[in-house]
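First the structure, in the form of C-alpha coordinates, and then the observations on it.
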Amino acid sequence: MLNVFLCLGLFVSHYTVNTEIIYQGFNSSFVPQWWQPCIIYEVYVRSFKDSNGDGLGDLNGITEKVDYLKNLGVCAVWLSPVFKSPQLDFGYDISNFREIDPIYGTTHDFDRMLEKFHKAGIKVLLDFVPNHTSNMHDWFKKSVKKIDPYTDYFIWKDAKYVDGVRSPPNNWLSVFSGSAWEWSEGRQQYYFHQFLVEQPDLNYRNPKVHEEIKDVMRFWLDRGLDGFRIDAICHVYEKEDFADEPLSGKPGVLPTDYLYLDHPYTMQLPENVGLVKEWDELIYSYKKKESDELKILVLECYAPTKKLMPYYSNDSTCRSTFPFNFNLVEHMDRESDAQDLKTMISTWLINMPEGSWANWVISNHDRDRIASRMESTLLDGIHMIQMMLPGTAITYYGDELGMENSYVRWDQVTDTFALNYGPERFQLVNRDPERSPFPWDDTKNAGFSDASNVWLPIHPNFWADNMKQQSKRKSHLRTYKQLARLRQNPTLIYGDLDMFTLSKWTFGFTRSYKDNPTYVVVVNFGSETETVDLLKFRPTLPAILKVKVSSLNSGLVTGNLVNATSIFLRPKAGLVLITSYSNEV
Ligand code: BGC
(Lines give C-alpha, C1' and ligand atoms only; values in the text may rest on other atoms or scores of the structure.)
Protein backbone atom coordinates (compact mmCIF):
# COMPACT_ATOMS: atom_id res chain seq x y z
CA MET A 1 0.00 0.00 0.00
CA LEU A 2 1.17 3.49 -0.77
CA ASN A 3 2.38 5.58 2.12
CA VAL A 4 0.86 9.01 2.26
CA PHE A 5 2.59 11.74 4.21
CA LEU A 6 1.94 15.38 4.58
CA CYS A 7 4.60 17.16 2.58
CA LEU A 8 5.82 20.12 4.55
CA GLY A 9 6.88 21.90 1.45
CA LEU A 10 4.59 24.72 0.52
CA PHE A 11 6.32 26.68 -2.13
CA VAL A 12 5.73 29.76 -4.13
CA SER A 13 5.81 29.78 -7.89
CA HIS A 14 9.21 29.15 -9.34
CA TYR A 15 10.01 31.68 -11.92
CA THR A 16 8.94 34.97 -13.37
CA VAL A 17 10.38 35.37 -16.81
CA ASN A 18 9.04 38.77 -17.72
CA THR A 19 11.01 40.49 -14.95
CA GLU A 20 14.67 39.83 -14.22
CA ILE A 21 13.81 37.47 -11.36
CA ILE A 22 14.17 34.15 -13.05
CA TYR A 23 13.47 31.98 -10.05
CA GLN A 24 11.43 32.71 -7.00
CA GLY A 25 12.58 30.62 -4.09
CA PHE A 26 10.62 28.85 -1.41
CA ASN A 27 8.83 30.30 1.59
CA SER A 28 9.78 29.45 5.13
CA SER A 29 7.26 26.61 5.44
CA PHE A 30 9.39 24.64 3.00
CA VAL A 31 11.29 21.90 4.82
CA PRO A 32 14.28 20.91 2.70
CA GLN A 33 14.98 17.21 2.28
CA TRP A 34 18.53 16.11 3.08
CA TRP A 35 19.52 15.90 -0.58
CA GLN A 36 18.45 19.40 -1.49
CA PRO A 37 21.08 21.73 -0.01
CA CYS A 38 23.47 18.80 -0.44
CA ILE A 39 26.67 18.31 -2.39
CA ILE A 40 26.71 14.83 -3.93
CA TYR A 41 30.31 13.75 -4.48
CA GLU A 42 31.12 11.18 -7.15
CA VAL A 43 33.85 8.77 -6.07
CA TYR A 44 35.36 6.92 -9.02
CA VAL A 45 36.29 3.98 -6.83
CA ARG A 46 39.26 2.67 -8.86
CA SER A 47 40.99 6.04 -8.51
CA PHE A 48 40.20 7.35 -5.06
CA LYS A 49 42.37 5.49 -2.56
CA ASP A 50 44.07 2.11 -2.71
CA SER A 51 44.28 0.40 0.70
CA ASN A 52 45.90 -2.91 -0.30
CA GLY A 53 48.69 -1.93 -2.68
CA ASP A 54 47.29 -3.42 -5.90
CA GLY A 55 47.23 -0.10 -7.74
CA LEU A 56 43.42 0.13 -7.72
CA GLY A 57 41.24 2.11 -5.37
CA ASP A 58 38.92 0.13 -3.09
CA LEU A 59 36.22 0.35 -0.42
CA ASN A 60 38.62 0.29 2.52
CA GLY A 61 40.49 3.14 0.86
CA ILE A 62 37.28 5.16 0.73
CA THR A 63 36.59 4.35 4.39
CA GLU A 64 40.01 5.86 5.25
CA LYS A 65 38.92 9.10 3.62
CA VAL A 66 35.51 9.63 5.19
CA ASP A 67 36.90 12.40 7.39
CA TYR A 68 38.31 14.21 4.36
CA LEU A 69 34.88 14.10 2.72
CA LYS A 70 33.15 15.22 5.90
CA ASN A 71 35.53 18.12 6.17
CA LEU A 72 34.99 19.00 2.55
CA GLY A 73 31.32 19.57 3.29
CA VAL A 74 29.70 16.91 1.12
CA CYS A 75 26.51 15.28 2.37
CA ALA A 76 26.37 12.26 0.06
CA VAL A 77 28.76 10.17 -1.97
CA TRP A 78 27.93 8.27 -5.13
CA LEU A 79 30.28 5.35 -5.77
CA SER A 80 30.98 4.16 -9.32
CA PRO A 81 29.87 0.51 -9.69
CA VAL A 82 31.36 -1.86 -7.12
CA PHE A 83 29.40 -5.00 -7.96
CA LYS A 84 31.01 -8.19 -9.23
CA SER A 85 32.17 -7.59 -12.78
CA PRO A 86 34.73 -8.68 -15.38
CA GLN A 87 35.62 -4.94 -15.42
CA LEU A 88 35.55 -4.58 -19.20
CA ASP A 89 33.66 -1.31 -18.68
CA PHE A 90 35.06 -0.86 -15.16
CA GLY A 91 32.05 -2.19 -13.33
CA TYR A 92 29.33 -1.07 -15.73
CA ASP A 93 29.31 -4.72 -16.84
CA ILE A 94 27.83 -6.47 -13.83
CA SER A 95 27.97 -10.24 -13.44
CA ASN A 96 26.37 -10.34 -10.01
CA PHE A 97 24.27 -7.46 -8.67
CA ARG A 98 24.34 -8.75 -5.12
CA GLU A 99 28.08 -9.19 -4.61
CA ILE A 100 30.94 -6.72 -4.22
CA ASP A 101 33.77 -7.30 -6.68
CA PRO A 102 36.79 -8.72 -4.81
CA ILE A 103 39.07 -6.04 -6.33
CA TYR A 104 37.08 -3.47 -4.32
CA GLY A 105 36.61 -5.52 -1.15
CA THR A 106 33.92 -7.60 0.49
CA THR A 107 30.35 -7.12 1.62
CA HIS A 108 31.75 -6.72 5.10
CA ASP A 109 33.98 -3.87 3.88
CA PHE A 110 30.94 -2.30 2.28
CA ASP A 111 28.93 -2.47 5.51
CA ARG A 112 31.83 -1.02 7.47
CA MET A 113 32.19 1.83 4.99
CA LEU A 114 28.45 2.52 5.02
CA GLU A 115 28.45 2.62 8.80
CA LYS A 116 31.38 5.03 8.91
CA PHE A 117 29.72 7.34 6.38
CA HIS A 118 26.45 7.25 8.27
CA LYS A 119 28.18 8.05 11.55
CA ALA A 120 29.70 11.06 9.79
CA GLY A 121 26.23 12.12 8.59
CA ILE A 122 27.02 11.31 4.95
CA LYS A 123 24.60 9.33 2.77
CA VAL A 124 25.76 6.71 0.30
CA LEU A 125 24.45 6.11 -3.21
CA LEU A 126 25.52 3.24 -5.44
CA ASP A 127 25.75 3.36 -9.19
CA PHE A 128 23.14 1.00 -10.54
CA VAL A 129 23.15 -0.30 -14.11
CA PRO A 130 19.70 -1.51 -15.12
CA ASN A 131 20.10 -1.35 -18.92
CA HIS A 132 22.43 -4.29 -19.26
CA THR A 133 24.42 -6.96 -17.45
CA SER A 134 27.75 -8.56 -18.23
CA ASN A 135 27.66 -11.53 -20.60
CA MET A 136 29.15 -13.40 -17.60
CA HIS A 137 25.96 -12.87 -15.58
CA ASP A 138 24.15 -16.08 -14.79
CA TRP A 139 20.92 -14.69 -16.30
CA PHE A 140 22.63 -14.24 -19.65
CA LYS A 141 24.36 -17.62 -19.60
CA LYS A 142 20.96 -19.26 -18.97
CA SER A 143 19.28 -17.09 -21.57
CA VAL A 144 21.76 -18.31 -24.21
CA LYS A 145 20.70 -21.84 -23.33
CA LYS A 146 16.99 -20.88 -23.28
CA ILE A 147 16.64 -21.97 -19.67
CA ASP A 148 13.42 -20.53 -18.27
CA PRO A 149 12.57 -18.06 -16.84
CA TYR A 150 15.70 -16.45 -18.39
CA THR A 151 14.95 -17.24 -22.04
CA ASP A 152 13.53 -13.76 -22.69
CA TYR A 153 15.53 -11.77 -20.15
CA PHE A 154 17.58 -10.28 -23.00
CA ILE A 155 16.75 -8.95 -26.47
CA TRP A 156 17.13 -11.77 -28.97
CA LYS A 157 16.36 -11.61 -32.69
CA ASP A 158 16.80 -13.93 -35.62
CA ALA A 159 19.41 -13.12 -38.22
CA LYS A 160 18.51 -11.47 -41.48
CA TYR A 161 19.90 -13.24 -44.55
CA VAL A 162 21.00 -11.03 -47.40
CA ASP A 163 21.99 -13.06 -50.48
CA GLY A 164 22.37 -16.02 -48.18
CA VAL A 165 24.77 -14.12 -45.90
CA ARG A 166 23.90 -13.88 -42.23
CA SER A 167 23.58 -10.29 -41.01
CA PRO A 168 22.19 -8.44 -37.99
CA PRO A 169 18.43 -7.83 -37.81
CA ASN A 170 18.75 -4.07 -38.40
CA ASN A 171 21.25 -1.20 -38.66
CA TRP A 172 21.33 -0.24 -34.96
CA LEU A 173 24.73 0.82 -33.67
CA SER A 174 26.43 0.46 -30.32
CA VAL A 175 27.35 3.61 -28.39
CA PHE A 176 30.85 2.15 -28.21
CA SER A 177 30.98 1.67 -32.02
CA GLY A 178 30.04 -1.07 -34.48
CA SER A 179 26.82 -3.04 -34.80
CA ALA A 180 24.67 -3.23 -31.66
CA TRP A 181 23.98 -6.89 -32.46
CA GLU A 182 26.19 -9.87 -31.67
CA TRP A 183 25.72 -13.38 -32.94
CA SER A 184 25.40 -16.12 -30.32
CA GLU A 185 26.57 -19.48 -31.58
CA GLY A 186 24.97 -21.10 -28.56
CA ARG A 187 21.50 -19.79 -29.25
CA GLN A 188 21.78 -19.23 -33.01
CA GLN A 189 20.34 -15.75 -32.66
CA TYR A 190 21.60 -12.19 -32.33
CA TYR A 191 21.44 -10.34 -29.02
CA PHE A 192 21.26 -6.57 -28.67
CA HIS A 193 23.87 -4.53 -26.78
CA GLN A 194 23.74 -0.72 -26.62
CA PHE A 195 27.29 -0.66 -25.22
CA LEU A 196 30.03 -3.33 -25.38
CA VAL A 197 29.50 -6.73 -26.97
CA GLU A 198 30.01 -8.05 -23.44
CA GLN A 199 27.12 -5.90 -22.11
CA PRO A 200 23.87 -7.52 -23.35
CA ASP A 201 20.75 -5.37 -22.89
CA LEU A 202 18.03 -6.56 -20.54
CA ASN A 203 14.54 -6.93 -22.02
CA TYR A 204 12.15 -4.66 -20.12
CA ARG A 205 9.23 -5.86 -22.24
CA ASN A 206 9.45 -8.89 -19.95
CA PRO A 207 7.72 -8.17 -16.59
CA LYS A 208 9.99 -10.68 -14.83
CA VAL A 209 12.97 -8.44 -15.53
CA HIS A 210 11.22 -5.59 -13.72
CA GLU A 211 10.79 -7.78 -10.67
CA GLU A 212 14.39 -9.05 -10.72
CA ILE A 213 15.76 -5.54 -10.86
CA LYS A 214 13.50 -4.29 -8.09
CA ASP A 215 14.59 -7.23 -5.94
CA VAL A 216 18.20 -6.20 -6.42
CA MET A 217 17.38 -2.63 -5.46
CA ARG A 218 15.62 -3.86 -2.32
CA PHE A 219 18.64 -5.99 -1.46
CA TRP A 220 20.86 -2.89 -1.14
CA LEU A 221 18.25 -0.53 0.24
CA ASP A 222 17.46 -3.05 2.99
CA ARG A 223 21.17 -2.98 3.87
CA GLY A 224 20.82 0.72 4.61
CA LEU A 225 21.82 2.26 1.27
CA ASP A 226 20.40 5.76 0.72
CA GLY A 227 19.70 5.54 -3.00
CA PHE A 228 21.06 4.97 -6.47
CA ARG A 229 22.56 6.82 -9.37
CA ILE A 230 20.81 5.12 -12.27
CA ASP A 231 23.00 4.53 -15.28
CA ALA A 232 21.99 5.11 -18.90
CA ILE A 233 18.26 5.33 -18.25
CA CYS A 234 17.48 6.78 -21.68
CA HIS A 235 18.75 3.57 -23.31
CA VAL A 236 16.51 1.13 -21.47
CA TYR A 237 13.68 0.56 -23.99
CA GLU A 238 13.82 0.12 -27.77
CA LYS A 239 11.04 0.41 -30.29
CA GLU A 240 9.22 -2.88 -30.70
CA ASP A 241 9.20 -3.00 -34.50
CA PHE A 242 13.01 -2.86 -34.64
CA ALA A 243 12.91 -0.46 -37.61
CA ASP A 244 16.22 0.81 -39.00
CA GLU A 245 17.36 4.12 -37.55
CA PRO A 246 17.83 7.09 -39.92
CA LEU A 247 21.25 8.37 -41.00
CA SER A 248 22.30 11.47 -39.10
CA GLY A 249 24.18 13.08 -41.97
CA LYS A 250 26.81 14.34 -39.49
CA PRO A 251 30.09 15.16 -41.19
CA GLY A 252 33.34 13.40 -40.30
CA VAL A 253 31.92 10.28 -38.69
CA LEU A 254 32.52 6.70 -39.78
CA PRO A 255 29.63 4.31 -40.53
CA THR A 256 30.60 2.37 -37.39
CA ASP A 257 30.40 5.47 -35.12
CA TYR A 258 27.29 5.84 -32.99
CA LEU A 259 26.86 9.38 -34.33
CA TYR A 260 26.44 8.01 -37.86
CA LEU A 261 22.74 7.45 -37.03
CA ASP A 262 20.06 9.38 -35.20
CA HIS A 263 18.53 7.29 -32.43
CA PRO A 264 14.76 7.80 -32.28
CA TYR A 265 14.09 4.06 -31.77
CA THR A 266 16.75 3.18 -29.20
CA MET A 267 16.88 6.27 -26.96
CA GLN A 268 14.48 8.28 -24.87
CA LEU A 269 11.42 6.12 -25.44
CA PRO A 270 8.41 7.18 -23.33
CA GLU A 271 8.38 3.74 -21.69
CA ASN A 272 11.62 4.66 -19.85
CA VAL A 273 9.69 7.16 -17.75
CA GLY A 274 7.13 4.51 -16.75
CA LEU A 275 9.93 2.27 -15.50
CA VAL A 276 11.41 5.07 -13.40
CA LYS A 277 7.98 5.66 -11.85
CA GLU A 278 7.98 2.03 -10.66
CA TRP A 279 11.33 2.59 -8.96
CA ASP A 280 10.16 5.92 -7.56
CA GLU A 281 7.28 4.05 -5.86
CA LEU A 282 9.77 1.49 -4.60
CA ILE A 283 12.10 3.96 -2.95
CA TYR A 284 9.18 5.95 -1.56
CA SER A 285 7.82 2.80 0.06
CA TYR A 286 10.88 2.91 2.34
CA LYS A 287 9.47 6.00 3.96
CA LYS A 288 7.28 4.22 6.43
CA LYS A 289 6.87 7.02 8.92
CA GLU A 290 7.15 10.79 8.84
CA SER A 291 10.59 10.78 10.43
CA ASP A 292 12.09 8.33 7.89
CA GLU A 293 14.40 10.07 5.47
CA LEU A 294 13.73 9.59 1.78
CA LYS A 295 15.95 7.43 -0.37
CA ILE A 296 16.82 9.04 -3.68
CA LEU A 297 17.22 8.14 -7.35
CA VAL A 298 19.39 10.28 -9.59
CA LEU A 299 19.09 9.50 -13.27
CA GLU A 300 21.72 9.68 -15.97
CA CYS A 301 20.32 10.58 -19.37
CA TYR A 302 21.84 12.92 -21.94
CA ALA A 303 18.83 14.50 -23.62
CA PRO A 304 17.32 17.94 -24.26
CA THR A 305 16.09 19.53 -21.03
CA LYS A 306 12.38 19.24 -21.89
CA LYS A 307 12.66 15.49 -22.44
CA LEU A 308 14.14 15.03 -18.97
CA MET A 309 11.43 16.80 -17.00
CA PRO A 310 8.95 13.87 -16.94
CA TYR A 311 11.54 11.92 -14.93
CA TYR A 312 11.08 14.15 -11.90
CA SER A 313 8.90 12.47 -9.26
CA ASN A 314 5.25 13.40 -9.79
CA ASP A 315 5.04 15.11 -6.45
CA SER A 316 8.37 16.85 -6.50
CA THR A 317 7.95 18.55 -3.16
CA CYS A 318 8.12 15.32 -1.22
CA ARG A 319 9.54 12.77 -3.65
CA SER A 320 13.13 12.43 -4.56
CA THR A 321 13.72 11.12 -8.05
CA PHE A 322 15.39 13.56 -10.40
CA PRO A 323 17.41 13.61 -13.62
CA PHE A 324 20.94 14.95 -13.69
CA ASN A 325 21.15 18.40 -15.23
CA PHE A 326 23.99 18.18 -17.74
CA ASN A 327 23.46 21.62 -19.31
CA LEU A 328 26.76 22.93 -17.92
CA VAL A 329 28.57 19.76 -19.00
CA GLU A 330 27.21 19.76 -22.51
CA HIS A 331 27.00 23.44 -23.36
CA MET A 332 29.53 25.38 -21.29
CA ASP A 333 32.85 25.73 -23.13
CA ARG A 334 35.67 28.23 -23.73
CA GLU A 335 33.44 30.21 -26.10
CA SER A 336 30.58 30.66 -23.61
CA ASP A 337 29.72 34.25 -22.75
CA ALA A 338 27.53 35.66 -19.99
CA GLN A 339 24.34 35.36 -22.02
CA ASP A 340 25.11 31.71 -22.79
CA LEU A 341 25.50 31.03 -19.09
CA LYS A 342 22.21 32.71 -18.35
CA THR A 343 20.48 30.64 -21.02
CA MET A 344 21.99 27.33 -19.83
CA ILE A 345 20.86 28.01 -16.28
CA SER A 346 17.42 29.41 -16.98
CA THR A 347 16.59 26.59 -19.43
CA TRP A 348 16.59 24.14 -16.55
CA LEU A 349 14.84 26.40 -14.06
CA ILE A 350 12.09 27.44 -16.43
CA ASN A 351 11.30 23.92 -17.59
CA MET A 352 11.45 22.24 -14.19
CA PRO A 353 8.03 21.09 -12.88
CA GLU A 354 6.46 23.45 -10.34
CA GLY A 355 7.97 22.99 -6.89
CA SER A 356 10.92 20.89 -8.09
CA TRP A 357 14.51 21.25 -7.08
CA ALA A 358 17.37 21.86 -9.54
CA ASN A 359 20.81 20.27 -9.68
CA TRP A 360 24.06 21.26 -11.35
CA VAL A 361 26.67 18.86 -12.75
CA ILE A 362 29.99 20.18 -14.11
CA SER A 363 32.07 16.99 -14.63
CA ASN A 364 31.92 13.24 -14.37
CA HIS A 365 33.82 10.07 -15.27
CA ASP A 366 32.62 10.17 -18.89
CA ARG A 367 33.56 13.74 -19.79
CA ASP A 368 36.71 15.85 -19.73
CA ARG A 369 37.37 17.39 -16.34
CA ILE A 370 36.01 20.88 -15.86
CA ALA A 371 39.48 22.38 -15.31
CA SER A 372 40.61 20.96 -18.67
CA ARG A 373 37.40 21.64 -20.58
CA MET A 374 37.40 25.25 -19.47
CA GLU A 375 40.50 26.73 -17.89
CA SER A 376 41.85 25.92 -14.48
CA THR A 377 41.97 29.65 -13.62
CA LEU A 378 38.19 29.80 -14.09
CA LEU A 379 37.55 26.88 -11.75
CA ASP A 380 36.76 28.93 -8.63
CA GLY A 381 34.34 31.09 -10.61
CA ILE A 382 32.57 28.00 -11.94
CA HIS A 383 32.32 26.51 -8.46
CA MET A 384 30.87 29.81 -7.24
CA ILE A 385 28.15 29.55 -9.86
CA GLN A 386 27.48 25.87 -9.25
CA MET A 387 27.36 26.13 -5.47
CA MET A 388 25.47 29.41 -5.13
CA LEU A 389 22.69 28.58 -7.58
CA PRO A 390 19.54 27.07 -6.09
CA GLY A 391 19.84 23.27 -6.26
CA THR A 392 21.92 20.23 -5.42
CA ALA A 393 25.57 20.44 -6.51
CA ILE A 394 27.28 17.38 -7.94
CA THR A 395 31.09 17.21 -7.66
CA TYR A 396 33.35 14.76 -9.45
CA TYR A 397 36.22 13.60 -7.18
CA GLY A 398 39.26 15.87 -7.46
CA ASP A 399 37.39 18.79 -9.00
CA GLU A 400 37.62 20.45 -5.60
CA LEU A 401 41.39 20.64 -6.29
CA GLY A 402 40.97 21.64 -9.91
CA MET A 403 42.39 18.29 -11.04
CA GLU A 404 43.06 18.29 -14.76
CA ASN A 405 42.87 15.45 -17.28
CA SER A 406 46.03 13.33 -17.32
CA TYR A 407 47.58 12.61 -20.69
CA VAL A 408 47.17 8.92 -21.54
CA ARG A 409 49.18 7.45 -24.42
CA TRP A 410 47.78 4.74 -26.71
CA ASP A 411 49.91 2.08 -25.00
CA GLN A 412 48.39 3.10 -21.65
CA VAL A 413 44.73 3.15 -22.71
CA THR A 414 42.38 1.03 -20.62
CA ASP A 415 38.98 2.39 -21.67
CA THR A 416 37.35 -0.14 -24.01
CA PHE A 417 35.42 2.62 -25.76
CA ALA A 418 38.77 4.18 -26.78
CA LEU A 419 40.30 0.79 -27.63
CA ASN A 420 37.40 0.21 -30.05
CA TYR A 421 38.35 3.44 -31.84
CA GLY A 422 41.95 2.28 -32.44
CA PRO A 423 45.32 4.09 -32.26
CA GLU A 424 44.44 6.80 -34.78
CA ARG A 425 41.15 7.95 -33.27
CA PHE A 426 41.17 6.92 -29.59
CA GLN A 427 41.66 10.50 -28.37
CA LEU A 428 38.18 11.36 -29.66
CA VAL A 429 36.47 9.25 -27.04
CA ASN A 430 39.04 8.19 -24.44
CA ARG A 431 37.69 8.51 -20.88
CA ASP A 432 40.91 7.51 -19.11
CA PRO A 433 42.27 11.09 -18.82
CA GLU A 434 39.48 12.17 -16.45
CA ARG A 435 39.77 9.02 -14.34
CA SER A 436 43.33 9.27 -13.06
CA PRO A 437 44.14 8.69 -9.38
CA PHE A 438 43.48 11.33 -6.75
CA PRO A 439 46.62 13.27 -5.70
CA TRP A 440 46.56 13.13 -1.91
CA ASP A 441 50.14 14.35 -1.33
CA ASP A 442 53.61 14.50 -2.91
CA THR A 443 54.77 11.00 -1.86
CA LYS A 444 54.99 7.89 -4.07
CA ASN A 445 51.98 7.63 -6.41
CA ALA A 446 50.65 10.87 -4.91
CA GLY A 447 49.70 8.99 -1.75
CA PHE A 448 47.08 7.08 -3.72
CA SER A 449 48.75 3.67 -3.60
CA ASP A 450 51.89 1.80 -2.47
CA ALA A 451 51.92 -0.33 -5.62
CA SER A 452 54.80 -0.19 -8.08
CA ASN A 453 52.29 0.45 -10.85
CA VAL A 454 48.92 2.11 -10.62
CA TRP A 455 46.14 1.46 -13.13
CA LEU A 456 46.31 4.86 -14.87
CA PRO A 457 49.01 7.53 -15.00
CA ILE A 458 48.82 10.06 -12.20
CA HIS A 459 48.95 13.68 -13.30
CA PRO A 460 52.70 14.51 -13.36
CA ASN A 461 52.09 17.75 -11.51
CA PHE A 462 51.05 15.88 -8.35
CA TRP A 463 54.28 16.73 -6.49
CA ALA A 464 53.42 20.44 -6.63
CA ASP A 465 49.64 20.38 -6.60
CA ASN A 466 47.90 17.93 -4.30
CA MET A 467 45.35 17.84 -1.53
CA LYS A 468 47.85 18.19 1.30
CA GLN A 469 49.56 21.13 -0.28
CA GLN A 470 46.29 22.89 -1.16
CA SER A 471 45.13 22.54 2.45
CA LYS A 472 47.93 24.86 3.54
CA ARG A 473 47.34 27.89 1.33
CA LYS A 474 44.74 29.90 -0.52
CA SER A 475 43.72 27.31 -3.10
CA HIS A 476 40.87 25.83 -5.12
CA LEU A 477 40.31 23.45 -2.24
CA ARG A 478 39.89 26.26 0.28
CA THR A 479 37.54 28.15 -2.02
CA TYR A 480 35.50 24.99 -2.47
CA LYS A 481 35.21 24.45 1.28
CA GLN A 482 34.17 28.04 1.87
CA LEU A 483 31.44 27.68 -0.75
CA ALA A 484 30.32 24.33 0.64
CA ARG A 485 29.83 25.92 4.07
CA LEU A 486 27.84 28.83 2.66
CA ARG A 487 25.30 26.47 1.13
CA GLN A 488 23.71 25.86 4.51
CA ASN A 489 22.71 29.51 4.72
CA PRO A 490 18.89 29.97 4.42
CA THR A 491 19.32 32.55 1.65
CA LEU A 492 20.97 29.92 -0.52
CA ILE A 493 18.33 27.33 0.26
CA TYR A 494 15.18 29.45 0.09
CA GLY A 495 16.26 32.55 -1.79
CA ASP A 496 15.24 34.07 -5.12
CA LEU A 497 17.62 34.09 -8.03
CA ASP A 498 18.16 37.11 -10.26
CA MET A 499 20.69 36.75 -13.11
CA PHE A 500 22.55 39.49 -15.04
CA THR A 501 24.84 39.80 -18.01
CA LEU A 502 27.01 42.55 -16.55
CA SER A 503 29.03 42.75 -19.76
CA LYS A 504 29.42 40.39 -22.71
CA TRP A 505 31.75 38.19 -20.67
CA THR A 506 30.82 38.95 -17.08
CA PHE A 507 28.01 36.89 -15.66
CA GLY A 508 26.43 37.57 -12.31
CA PHE A 509 23.49 36.80 -10.08
CA THR A 510 22.04 37.59 -6.70
CA ARG A 511 20.39 35.35 -4.15
CA SER A 512 18.08 37.11 -1.74
CA TYR A 513 15.69 35.99 0.94
CA LYS A 514 13.44 38.20 3.03
CA ASP A 515 15.48 40.72 5.04
CA ASN A 516 18.60 38.56 5.09
CA PRO A 517 21.77 39.88 3.48
CA THR A 518 21.92 39.35 -0.27
CA TYR A 519 24.68 37.32 -1.91
CA VAL A 520 26.09 38.51 -5.21
CA VAL A 521 28.15 36.29 -7.52
CA VAL A 522 30.19 37.83 -10.35
CA VAL A 523 32.44 35.86 -12.72
CA ASN A 524 34.47 37.13 -15.66
CA PHE A 525 34.50 34.45 -18.40
CA GLY A 526 36.48 36.69 -20.74
CA SER A 527 40.15 37.23 -21.49
CA GLU A 528 40.29 40.91 -20.54
CA THR A 529 40.12 42.64 -17.19
CA GLU A 530 36.63 44.07 -16.60
CA THR A 531 35.25 46.72 -14.31
CA VAL A 532 31.51 46.23 -13.82
CA ASP A 533 28.84 48.39 -12.25
CA LEU A 534 26.43 46.22 -10.28
CA LEU A 535 24.17 49.09 -9.36
CA LYS A 536 23.17 49.48 -12.98
CA PHE A 537 21.48 46.11 -12.68
CA ARG A 538 20.40 46.09 -9.02
CA PRO A 539 20.14 49.76 -7.94
CA THR A 540 18.86 48.64 -4.53
CA LEU A 541 22.19 47.07 -3.58
CA PRO A 542 24.38 49.06 -1.17
CA ALA A 543 27.30 51.05 -2.61
CA ILE A 544 29.86 48.98 -0.69
CA LEU A 545 29.89 45.17 -0.64
CA LYS A 546 32.01 42.75 1.31
CA VAL A 547 34.01 39.91 -0.26
CA LYS A 548 32.78 36.61 1.13
CA VAL A 549 34.72 34.27 -1.19
CA SER A 550 37.31 35.24 -3.78
CA SER A 551 38.89 33.24 -6.57
CA LEU A 552 42.62 32.60 -6.45
CA ASN A 553 43.25 35.01 -9.31
CA SER A 554 41.01 37.84 -8.01
CA GLY A 555 43.65 39.72 -6.03
CA LEU A 556 41.14 40.02 -3.18
CA VAL A 557 40.57 38.09 0.02
CA THR A 558 37.60 37.40 2.26
CA GLY A 559 36.64 40.52 4.18
CA ASN A 560 37.86 43.07 1.60
CA LEU A 561 35.36 45.79 0.73
CA VAL A 562 34.52 46.66 -2.88
CA ASN A 563 32.69 49.50 -4.52
CA ALA A 564 29.52 48.12 -6.18
CA THR A 565 29.77 50.60 -9.07
CA SER A 566 33.28 49.53 -10.05
CA ILE A 567 34.00 45.89 -9.37
CA PHE A 568 37.37 45.01 -10.81
CA LEU A 569 37.65 41.49 -12.20
CA ARG A 570 40.76 40.00 -13.76
CA PRO A 571 40.24 37.53 -16.64
CA LYS A 572 38.54 34.36 -15.31
CA ALA A 573 38.21 35.82 -11.80
CA GLY A 574 35.13 35.39 -9.63
CA LEU A 575 33.78 36.84 -6.40
CA VAL A 576 31.02 36.08 -3.95
CA LEU A 577 30.01 39.36 -2.32
CA ILE A 578 27.59 40.06 0.48
CA THR A 579 25.55 43.05 1.54
CA SER A 580 26.45 42.69 5.21
CA TYR A 581 29.66 43.63 6.95
CA SER A 582 29.02 41.31 9.86
CA ASN A 583 31.27 38.28 10.22
CA GLU A 584 28.32 36.16 11.29
CA VAL A 585 26.76 35.68 7.88
C1 BGC B 1 28.26 5.34 -17.74
C2 BGC B 1 29.48 4.95 -18.53
C3 BGC B 1 29.27 3.51 -19.00
C4 BGC B 1 27.95 3.38 -19.78
C5 BGC B 1 27.56 1.96 -19.98
C6 BGC B 1 27.25 5.36 -18.88
O7 BGC B 1 26.48 6.28 -19.13
O8 BGC B 1 28.37 6.57 -17.08
O9 BGC B 1 30.65 5.09 -17.80
O10 BGC B 1 30.32 3.14 -19.82
O11 BGC B 1 26.90 4.00 -19.10
O12 BGC B 1 27.13 1.40 -18.78
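Atoms within a ligand are numbered from 1 in the order they appear, just like the ligands themselves.
- The proximity of Arg435 to ligand 1, defined as any non-hydrogen pair under 4.0 Å, is limited to the side chain.
- Asp89 and Arg431 are joined by a salt bridge, as a carboxylate oxygen and a charged side-chain nitrogen come within less than 4.0 angstrom of each other.
- Proximity to Arg229 (heavy-atom distance under 4.0 Å) selects the following atoms of ligand 1: 8 (O).
- For Glu375, the salt bridge (Lys or Arg N to Asp or Glu O under 4.0 Å) partners at least two apart in sequence or on another chain are Arg334, Lys572.
- The heavy-atom pair separating Asp226 from Lys123 by the smallest distance is OD2-CA, 3.2 Å.
- Of the residues listed (Leu202, Ile230, Ile94), the one engaging Pro130 in a side-chain contact (heavy atoms from CB on, under 4.5 Å) is Ile230, and it is the only one.
- For the pair Arg367 and ligand 1, no heavy-atom separation below 4.0 Å is found.
- The shortest contact between atom 9 (O) of ligand 1 and any protein heavy atom is with Asp366 OD1, 2.8 Å.
- Atoms of ligand 1 lying under 4.0 Å from at least one heavy atom of Asp89, given by number and element, are 3 (C), 4 (C), 5 (C), 10 (O), 12 (O).
- In this structure, Tyr150 and Tyr153 have perpendicular ring planes: the angle between them is above 60°, well past the 30° mark.
- Of all the heavy atoms in Phe438 and Phe448, the pair that sits closest is O-CB, 3.7 Å.
- Remark: distances from the non-hydrogen atoms of Arg431 to ligand 1 include one below 4.0 Å.
- Contact annotation: His132 has at least one heavy atom less than 4.0 Å from an atom of ligand 1.
- Taking each of Asp415, Leu88, Thr416, Asp231 in turn, the one with a heavy atom nearest to atom 11 (O) of ligand 1 proves to be Asp231.
- Residue contacts with ligand 1: Phe176 is included, with a non-hydrogen atom under 4.0 Å away.
- Taking the six-membered ring where tryptophan is involved, the planes of Tyr480 and His383 are perpendicular, since the angle between them exceeds 60° and thus also 30°.
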